[in-house]
Amino acid sequence: MMNEASYRQWRKSRLESYPRRVEELLVEIGGLRSVSEAERAEIKATCRRANMAIYRCRDNFADRAAVRKFASGFGLTRLDHHLCANDDGVSELSVAPEGVRSGYVPYSNRSLSWHTDGYYNVKSQQVCAVVLHCVQTAEAGGQNALLDAEIAYILLRDRDPRLITALEHPECMTIPANTDALGEIRPAVCGPVFSYAADSGAIHMRFSARKKNIRWRDDNMTRVARAALAEILADENGPVLRYRLGPGEGLIANNVLHNRTSFEDGSAHKRLLYRARFFDRIESS
Ligand SMILES: [Fe+2]
């Protein structure tokens, strides 16, 4: 990564600008299809501070095409068409009682542990940004906790730079192949937790706290690093921000660490979120 002097400077400015309260992430906009220049600039400025922003639409109209249009205003155009997405690459996150999606936790009402999106993607299909738009909330629950990966990086490096070295190892985290009765859906994927964009040096984080289906490198420093990260993520007084998206609100983020609490749908309140994942990062200016 960068040399020590420039790292120190970068670290200082990142910590100073990072929001202390989740409300600092909020930006009001006209709607998914009507974002003014000033609103777009405010979202980008918020993303420069935190690698994420939460927008709130005055006009609640939302469909998958509107989500794509909104995202394209931030340079997010290359969609990750993964297994459970619709043909246009936008997923509908809701409780799936049957079908291919029902085997996956995101399409249930269960809690989701800390992760970055697409941690099982190969390097050439790295998910760099995500838009998560809430159409409807559940009766109760479904709150997200959020942490900028750059802040996680800094706090780990503050503890011990060797933790970063361990997490940069190309064999640090392996996701075994995804198979079903018919055979292999996706081969095993092995890679580091932290990597850096070749052009900008931007930090990319690949992580899942799932106990099942993750194989960690058998190495003491890797174990120490994972425990340190777990501590940071569990710290009630730390930098983790918590928010429950309401209808017409959404998160636009450079694939930050996040989790989700479990939720309960009611007859009038069935949780529905659109999610789009991109191979691009949010334009910074
Ligand atoms: Fe996610």
Side-chain angles (χ1 to χ4, degrees), residues 22 25 47 50-55 64 67-68 70-71 74 76 78-86 89-96 100-122 125-138 141-152 173 175 178 186 189 191 193-194 203-214 229-230 232-234 240-245 249-263 271-282:
V22 75
L25 294 178
C47 289
N51 276 311
M52 60 183 142
I54 294 170
Y55 59 85
R64 298 204 304 272
V67 170
R68 292 183 63 173
F70 170 77
F74 298 89
L76 306 178
R78 295 182 301 149
L79 275 149
D80 177 15
H81 287 69
H82 75 114
L83 190 65
C84 298
N86 286 289
V90 179
S91 305
E92 295 184 6
L93 298 184
S94 59
V95 176
V100 64
R101 299 187 309 151
S102 60
Y104 297 86
V105 187
Y107 304 96
S108 74
N109 63 355
R110 282 180 279 158
S111 62
L112 282 174
S113 58
W114 283 99
H115 65 281
T116 55
D117 275 5
Y119 59 83
Y120 37 73
N121 283 23
V122 293
Q125 296 183 331
Q126 209 167 58
V127 173
C128 294
V130 179
V131 173
L132 197 61
H133 181 87
C134 177
V135 178
Q136 200 176 133
T137 48
Q143 184 191 59
N144 292 111
L146 307 157
L147 179 63
D148 180 2
E150 292 181 355
I151 300 297
M173 185 174 110
I175 317 303
N178 183 9
R186 176 186 48 66
V189 178
V193 169
F194 287 119
I203 293 176
H204 183 273
M205 189 171 189
R206 188 178 154 267
F207 177 73
S208 169
R210 283 183 78 160
K211 300 270 188 303
K212 281 196 295 185
N213 289 329
I214 311 280
L229 179 59
I232 291 165
L233 294 173
V240 170
L241 302 168
R242 289 179 178 79
Y243 195 76
R244 183 176 187 249
L245 292 172
E249 293 181 339
L251 173 77
I252 177 168
N254 283 325
N255 202 4
V256 297
L257 284 156
H258 56 287
N259 71 10
R260 177 188 82 191
T261 62
S262 62
F263 62 89
R271 190 175 193 265
L272 172 62
L273 271 74
Y274 289 129
R275 183 191 59 202
R277 293 166 161 172
F278 299 90
F279 301 139
D280 314 288
R281 276 175 72 85
I282 299 163

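We count ligands from 1, going down the list as the structure has it; atoms in each ligand are counted the same way.
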Using a 3.5 Å distance criterion without hydrogens, assess whether the side chain of R260 forms a donor-acceptor pair with backbone atoms of R110.
yes
Pairing donors with acceptors under 3.5 angstrom, does anything connect the side chains of D117 and H258?
yes
F263 ring centre to R271 NZ or CZ under 6.0 Å, with the angle to the axis within 45°?
yes
Answer with yes or no whether the side chains of N259 and N144 bring together a donor and an acceptor at under 3.5 Å.
no
Can you find a side-chain donor-acceptor pair between E92 and Y107 that sits under 3.5 Å?
no
Distances under 2.8 Å only: what protein N/O/S atoms are near the Fe ion (ligand 1), ordered by chain and residue?
H115 NE2, D117 OD1, H258 NE2
Residues at least two apart in sequence or cross-chain that pass ring-ring contact (aromatic ring centres under 6.0 Å, His included) with F70, listed by chain then number, are Y55, F74
